[in-house]
Peer 1: 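This is the structure I want to talk about, given as structure tokens.
Order of listing sets the numbers, starting from 1, for every ligand and every atom in it.
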Amino acid sequence: MSATVTAAKAPLPALRVADFASPKRLLLAFWVTGFAALLVGVTIGVLQGANYAGINLYGYLQPFLKTYYQGLTLHGVLNAFVFTFFTISGWLIYLPARELGVRPNMGLSWATYALMLLGTLMAAYAMFDNSSSILYTFYPPLKGSAWFYIGITLVVVASLLPLPVVLGMRARWKRAHPGEPTPLVTFMSSTTLLMWLLAALGAAAEAVFLLDPWALGLRSTIDPLLARTLFWWTGHPIVYYWLMPGYISIYALLPRQCGGKLVSDPLARLAFLLLFVFSVPVGTHHQYTDPGIGPVIKGIVTALTLSVAIPSLITAFTVALSLEYAGRRRGGRGAMGWWFALPWRDASVAAQVLALVSFIFGGAGGIVNASWQLDNVVHNTLWIPAHFHLTVGTMTVLVFMGVSFWLLPHLTGRRLFSPRLALASVWLWFAGLMLWGFAGHWAGLDGVPRRAWISALPHAQYMQLYGAVHDSLRLVAVGGVIAGLGAIAFFVVFFGTLFGRRDAQATVQIPFAETVAGPRGSAIVALSEHLGLWTAVTLVATLAVYIPTLWPMLTHPIHAVGLRLW
Ligand code: HAS
Ligand code: CU
């Protein structure tokens, strides 16, 4: 990464108006804001782990945190929405701009940032004042304040603005390069954002027609089932909105960082197309245990959900082969020699490869959840948080931690602060999450519920409700502490780099990988260029599932009054 050069300590220069014209400044603003949210979010996460080991720290944290549920709401919203939305929006604008050599619409890009920040501040206010401790799924009839719902609405609206920015850059590039296929990263960014457009319709409808008017007092009751169903319309595909930007790095950059090439450009595009089409129609797999959704729909959704694993299986194949190609080029011999020949000392590479390893387990758990029957065993248990810490905690958080190690030097011209500490941080994060993940799956299989403030219960009441205190819960807490240490190490590197030494000679370039096969001459690539067609196919598939799902709810509405239970 950065070379040893004459390095002078320099404070961050004051921001000038001209800086707003710089795409690098833009991405830096998104990236730093996102990671600042993650810093608060993961700090609270350690408390969540302690709760499961029976250690109740919330009483010590007055007036910042009053209850476990307030902490859990902040943890979920800051990590899963604020961190992801900021980093992903900046990432999906910046990378295509550099790949195409085209300038993004800076006005619209900064408007995205400003609107997202405004929404975040509104929601944060409502969470910190404990008026909206309704968890990141904000299921009615639990009722938070209007600041929360309107804040979240603004964040979602803002997250859609990068779509016209990216499609605009793609269109300009296409005019200058008639007949040529869209470059890979731009194709991936476009499909991610188009998928997200269709995905966001559910939450947008829930917010605008149900939650916002209810919170503002314009309607007195709410339909919890309809609200949940619209929530999961978005709440499932949002996980691919988190995953696909990580995949962009894994497919399009990581092979180069490892000293190799991406083995197949068409297979990468096929994976993204399948993720696009299959992600949106399957949200009701989060509602297998809900009444009011018929068995035929649940059966169809099971089949479709299993299909959405296929693009990740394709990814496992293509990426493993690309890593093997790189390892063999680096001199790795024998069945597994290539694996050890990968540049493990490069913290950015280690983070991403370790993320892939943990995602094998996160993905396997997802396939269990996908089955209507098996999900009944694990639903609402600690298995589910274990599943998502091994997916979003790795393929988004760990991959973006790894990306930061080259991206921050690239954006700021500063040297990476302590590559060794960076490497330690990714191993600690990986080890902590793996322990957390395994222990959480285990506890879940034994029926330990998720989202339970168990550390606040008297021992006798705990035993009555949940039985013996499970050994695995102590491991959950230990995993949380190890991951917390990883986070501390990471943020020392992160801020150490931001405020660290300027490195005038070492310019870190974006590691765009070459490909072995494609894109030219491939039928898949030619077919994938028709983004309008794929958007239409996804919309039809989504409506085909959701019209029969929503129809009975719309014709037999439920009227519930809001509850505040905390
Ligand atoms: Fe999930 C619940 C099904 C993937 C996130 N999921 C959640 C929740 C979250 C989440 C946040 O069907 C909880 C929401 C809540 O709070 O209630 N999930 C799936 C399925 C997949 C899946 C089928 N989930 C994800 C990803 C997430 C995520 C990705 C975040 C980024 N999930 C469910 C279901 C539920 C659910 C149900 C509801 C459960 C309930 O009861 O509430 C699939 O997409 C997974 C496919 C992935 C694979 C793994 C491929 C492996 C790869 C790595 C290869 C390694 C290499 C390294 C190359 C099949 C790509 C080389 C290594 C060598 C050894 C050579
Ligand atoms: Cu899902």
Peer 1: Where's the contact between L356 and ligand 1, heavy-atom distance under 4.0 Å: side chain, backbone, both or neither?
Peer 2: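 L356 to ligand 1: contacts from backbone and side chain alike.
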Peer 1: Tell me the contacting part of W232 for ligand 1: side chain, backbone, both, or neither, using a 4.0 Å heavy-atom threshold, strictly below.
Peer 2: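 It is the side chain that touches ligand 1; the backbone stays farther off.
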Peer 1: Looking only at heavy atoms, is any part of L313 under 4.0 Å from ligand 1, and if so is it the side chain, the backbone, or both, or is it neither?
Peer 2: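 Near ligand 1, L313 shows its side chain, while the N, CA, C and O stay back.
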Peer 1: Is any N, O or S atom of H236 under 2.8 Å away from atom 1 (Fe) of ligand 1?
Peer 2: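 Given the 2.8 Å cut-off, H236 does not count as a ligand of atom 1 (Fe) of ligand 1.
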Peer 1: Are F35 and F30 close enough that their ring centers fall under 6.0 Å?
Peer 2: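 When the ring centroids of F35 and F30 are compared, they turn out to be at least 6.0 Å apart.
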Peer 1: Examine the proximity of ligand 1 to V392 and report which part, side chain or backbone, both or neither, has a heavy atom under 4.0 Å away.
Peer 2: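 Both backbone and side chain.
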Peer 1: Could you grab the angle centred on the Cu ion (ligand 2), going from NE2 in H286 to NE2 in H285, to 10°?
Peer 2: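 Nearest ten degrees: 100°.
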Peer 1: For ligand 1, indicate whether the residue R450 contacts it via side chain, backbone, both or neither (heavy-atom separation under 4.0 Å).
Peer 2: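 Near ligand 1, R450 shows its side chain, while the N, CA, C and O stay back.
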Peer 1: Test of understanding: given a 4.0 Å heavy-atom threshold, classify the contact between M395 and ligand 1 as side chain, backbone, both, or neither.
Peer 2: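 Neither; nothing of M395 gets under 4.0 Å from ligand 1.
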Peer 1: Can you tell me if H286 has a non-hydrogen atom under 4.0 Å from ligand 1?
Peer 2: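 In this structure, H286 qualifies as a contact of ligand 1 - some heavy atom is under 4.0 Å.
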Peer 1: How are the rings of Y139 and F231 set relative to one another: parallel (under 30°), tilted (30 to 60°) or perpendicular (over 60°)?
Peer 2: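 Geometry flag for F231 against Y139: perpendicular rings.
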Peer 1: Nearest protein heavy atom to atom 5 (C) of ligand 1, by residue and atom, and its distance?
Peer 2: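 The closest one turns out to be V239 CG1, 3.4 Å.
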Peer 1: Among T84, T87, T396, find the one that has a side chain to side chain donor-acceptor pair (under 3.5 Å) with W242.
Peer 2: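 Going through the options one by one, the only one that passes is T84.
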Peer 1: So if I apply the side chain to side chain contact (heavy atoms under 4.5 Å, CB included) rule between F85 and each of T120, I238, T112, which one comes out positive?
Peer 2: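 That would be I238; it is the only one of T120, I238, T112 passing the side chain to side chain contact (heavy atoms under 4.5 Å, CB included) with F85.
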